[in-house]
Amino acid sequence: MAGQLQLTDELQDYVRHMSLRDDDILRDLREETAGMPMLQAMLVLPEEAQLLALLVRLTGAYRVLEIGTFTGYSSLCMARALPPGGTVVTCDISERWTAVAARYWERAGVADRIDQRLGDAAHTLDQLKSQSGEDSFDLVFIDADKTNYLRYYERSLELVRPGGLLVLDNTLFFGRVVDPNAQDPDTVAIRELNTRLRDDERVEISMLPVADGLTLVHKKPERKQR
C-alpha cells in the first residue's frame with residue numbers, strides 16, 4: 001500500500017502552481033498578514049481556503065458560519081463562493097484583526113455578504129441559536145482558540161442542518177497530537193476533540209492530513225419514518 005507523500009517545498013510549489021486560482025487581493029491580504037509578528041501561522045493556507053470555497057459551492061451552502069475570523073482570508077474566499085443572497089456569519093473577539101478583514105472584504109466586493117459578530121464566540125453561537133434556531137446553517141468552519149473547540153463543535157452541530165457540513169481546522173495541531181510529551185491545554189483539547197469526533201454516531205467524518213490537519217464532519221440526515 002502506498003504511503004502518504006512527504007510534501008517538500010518543491011512539491012508544495014508545484015501544487016500551488018497547478019491548482020491555485022489566486023489574485024492580487026488574496027496575495028495582498030496574505031502579505032499584510034505575514035507582516036504581523038508571530039501571526040502568519042494563524043492564516044489558513046491559500047489552497048485550504050480555495051478548498052473551503054469549493055465546499056461551499058459543492059454543498060450549495062447559502063448560510064455559512066465561521067468561528068475565528070482573524071484577518072478575513074477564509075471568509076473572503078467563502079463569501080465569493082456563495083450564491084446570490086447568501087451570507088457568511090463570522091465570529092471573532094479582535095477588533096484589530098477584523099478591521100484588516102473589513103478592508104479586504106470591501107475591496108473584494110463581498111462586504112455585503114459578510115455578517116461580522118464581535119465578542120465571545122460561545123455567546124455568539126447561543127445568540128444565533130436564539131435568533132435563527134437550530135439547523136439554520138449549511139456549512140460551519142471552525143478555526144479559533146483550541147481549548148474551546150469541543151464547545152464550538154457541539155454548538156455548531158446544533159446550528160448546522162441535517163446533511164450539512166462542518167470543517168474543523170488544526171486537527172493535527174503541528175503534529176503535536178501524536179507526541180506523548182505534548183500536554184499543553186491546546187494539544188490536549190485537540191486530542192479530546194478528535195476522540196469525540198471518532199466516536200460520535202451523529203456524524204460521518206474524514207480527517208485529512210493536509211495543512212495542519214483538516215477534518216470534514218457530515219451531520220447525518222434525519223431518517224424518515226416509514
- After noting the C-alpha distance and the side-chain angles of Ile142 and Asp169, does the key distance pass the side-chain contact (heavy atoms from CB on, under 4.5 Å) rule? CA-CA 6 Å; Ile142 303 176; Asp169 200 10; over 6 Å; no
- Query: Which is it for Asp143 and Lys146 under the side-chain contact (heavy atoms from CB on, under 4.5 Å) test, yes or no, and what are the steps along the way?
  - Reply: CA-CA 8 Å; Asp143 183 18; Lys146 310 313 167 196; 3.4 Å; yes
- Step by step, would you call Leu168 with Leu193 a side-chain contact (heavy atoms from CB on, under 4.5 Å)? CA-CA 10 Å; Leu168 295 94; Leu193 169 76; 3.8 Å; yes
- Could you walk me through whether Phe70 and Thr90 pass the side-chain contact (heavy atoms from CB on, under 4.5 Å) check? CA-CA 10 Å; Phe70 191 37; Thr90 183; over 6 Å; no
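Asp184 CG to Asp186 CG: the interatomic distance, rounded to the nearest 0.5 Å, is 5.5 Å. Considering CG of Asp212 and OG1 of Thr171, their distance stands at 7.5 Å, rounded to 0.5 Å. With rounding to the nearest 0.5 angstrom, the CZ atom of Arg161 is 11.5 Å from the OG atom of Ser136. Atom CZ of Arg151 sits about 8.0 Å away from atom CG of Asp126, to the nearest 0.5 Å. For the atom pair OG1 (Thr8) and CG (Asp13), the distance works out to 8.0 Å, reported to the nearest 0.5 Å. Between the CD1 atom in Ile190 and the OG1 atom in Thr187 there is a gap of 8.0 Å [rounded to 0.5 Å].
Using a 4.5 Å heavy-atom cutoff, the side chains of Leu159 and Leu65 are in contact. Looking at heavy atoms from C-beta onward, Val160 lies out of side-chain contact with Leu165 at the 4.5 angstrom threshold. Contact annotation: the side chain of Tyr153 approaches that of Leu197 to within less than 4.5 Å [non-hydrogen atoms, C-beta and beyond]. Residues Cys77 and Leu26 have side chains in contact (heavy-atom distance under 4.5 Å, counting atoms from C-beta outward). Two residues are said to be in side-chain contact when any heavy atoms from C-beta on lie closer than 4.5 Å; Thr98 and Leu118 meet this criterion. Residues Leu58 and Leu54 are in side-chain contact: their nearest non-hydrogen atoms beyond the backbone lie under 4.5 Å apart. Considering only heavy atoms from C-beta on, Thr124 stays 4.5 Å or farther from Ile67 through its side chain. Glu10 is not listed as a side-chain neighbour of Val15, based on a closest heavy-atom distance of 4.5 Å or more.
Not a single donor-acceptor pair under 3.5 Å links the side chain of Asp92 to the backbone N or O of Gly68. Here the side chain of Asp138 pairs a donor or acceptor atom with the backbone of Arg63 at under 3.5 angstrom. Of the possible donor and acceptor atoms, none in the side chain of Glu47 sits under 3.5 Å from a partner among the backbone N and O of Leu20. Judged by distance alone, with hydrogens and angles left aside, the side-chain atoms of Trp105 form no donor-acceptor pair with the main-chain N or O of Ile114 at under 3.5 Å. Side-chain atoms of Asp120 come within 3.5 Å of backbone N or O of His123 as a donor-acceptor pair. With hydrogens and angles ignored, the 3.5 Å screen pairs a side-chain donor or acceptor of Thr69 with a backbone N or O of Cys91.
In this structure, Asp115 pairs ionically with Arg117, as a charged nitrogen and a carboxylate oxygen lie closer than 4.0 Å. Between Asp135 and Lys219, at least one side-chain N (NZ, or NE/NH1/NH2) sits under 4.0 Å from a carboxylate O, which counts as a salt bridge. Ion pairing of Glu158 with Lys129 is present here, as a side-chain N (NZ or NE/NH1/NH2) and a carboxylate O approach within less than 4.0 Å. A salt bridge is absent between Arg16 and Asp22; no separation between the charged side-chain nitrogens and carboxylate oxygens falls under 4.0 Å. With respect to the salt-bridge test (charged N to carboxylate O, under 4.0 angstrom), the residues Glu154 and Arg196 qualify. The residues Arg202 and Asp199 are annotated as not salt-bridged, no charged nitrogen and carboxylate oxygen being separated by less than 4.0 angstrom. The pair Arg80-Asp23 meets the salt-bridge criterion, since a charged nitrogen lies less than 4.0 angstrom from a carboxylate oxygen.
Tracing side-chain contacts under 4.5 Å through hydrophobic residues (I, L, V, M, F, W, Y), one reaches Leu208 starting from Leu55; they form part of the same cluster. By the criterion of side-chain heavy atoms lying less than 4.5 angstrom apart, applied directly or through intervening Ile, Leu, Val, Met, Phe, Trp or Tyr residues, Tyr62 is not grouped with Val167; the two fall into different hydrophobic clusters. The hydrophobic cluster containing Met207 does not contain Val188, counting ILVMFWY residues as joined when their side-chain heavy atoms lie under 4.5 angstrom apart, directly or transitively. In the hydrophobic cluster analysis, where Ile, Leu, Val, Met, Phe, Trp and Tyr join through side-chain heavy atoms closer than 4.5 angstrom, Leu76 is grouped apart from Leu45. Val177 and Tyr152 fall within the same hydrophobic cluster, defined by Ile, Leu, Val, Met, Phe, Trp and Tyr side-chain heavy atoms under 4.5 Å apart, directly or through other members.
Glu32 and Tyr104 are linked by a side-chain donor-acceptor pair at a separation below 3.5 angstrom, with hydrogens and angles left out of the test. Checked by atom type, the side-chain pair Asn194/Arg191 shows no donor-acceptor distance below 3.5 Å. Judged by distance alone, the side chains of Thr71 and Thr33 do bring a donor and an acceptor atom under 3.5 Å apart. Under the 3.5 Å distance criterion, with hydrogens and angles disregarded, a donor-acceptor pair is assigned to the side chains of Tyr73 and Arg30.
Heavy atoms from other residues, nucleotides or ligands lying under 6.0 Å from CD of Glu106 number 12 at most. Around atom CG of Leu150, more than 12 heavy atoms belonging to other residues, nucleotides or ligands sit under 6.0 Å away. Counting non-hydrogen atoms of other residues, nucleotides and ligands closer than 6.0 Å to CD of Gln131 gives a total above 12.
Closest non-hydrogen pair, Gln50 versus Ser19, comes out as NE2-O, 2.7 Å. In terms of heavy-atom proximity, Leu172 sits nearest to Pro209 at CD1-CA, 4.0 Å. Summarising the geometry of Ala108 relative to Ile25, their closest heavy-atom pair is CA-CD1, 3.7 Å, with the distance given to 0.1 Å. In terms of heavy atoms, Phe137 sits closest to Val89 at CE2-CG2, 3.9 Å. Nearest heavy atoms, Ala61 versus Leu139: CB-CB, 4.2 Å. Of all heavy-atom pairs between Glu48 and Ala211, the closest is OE1-CB, 3.5 Å.
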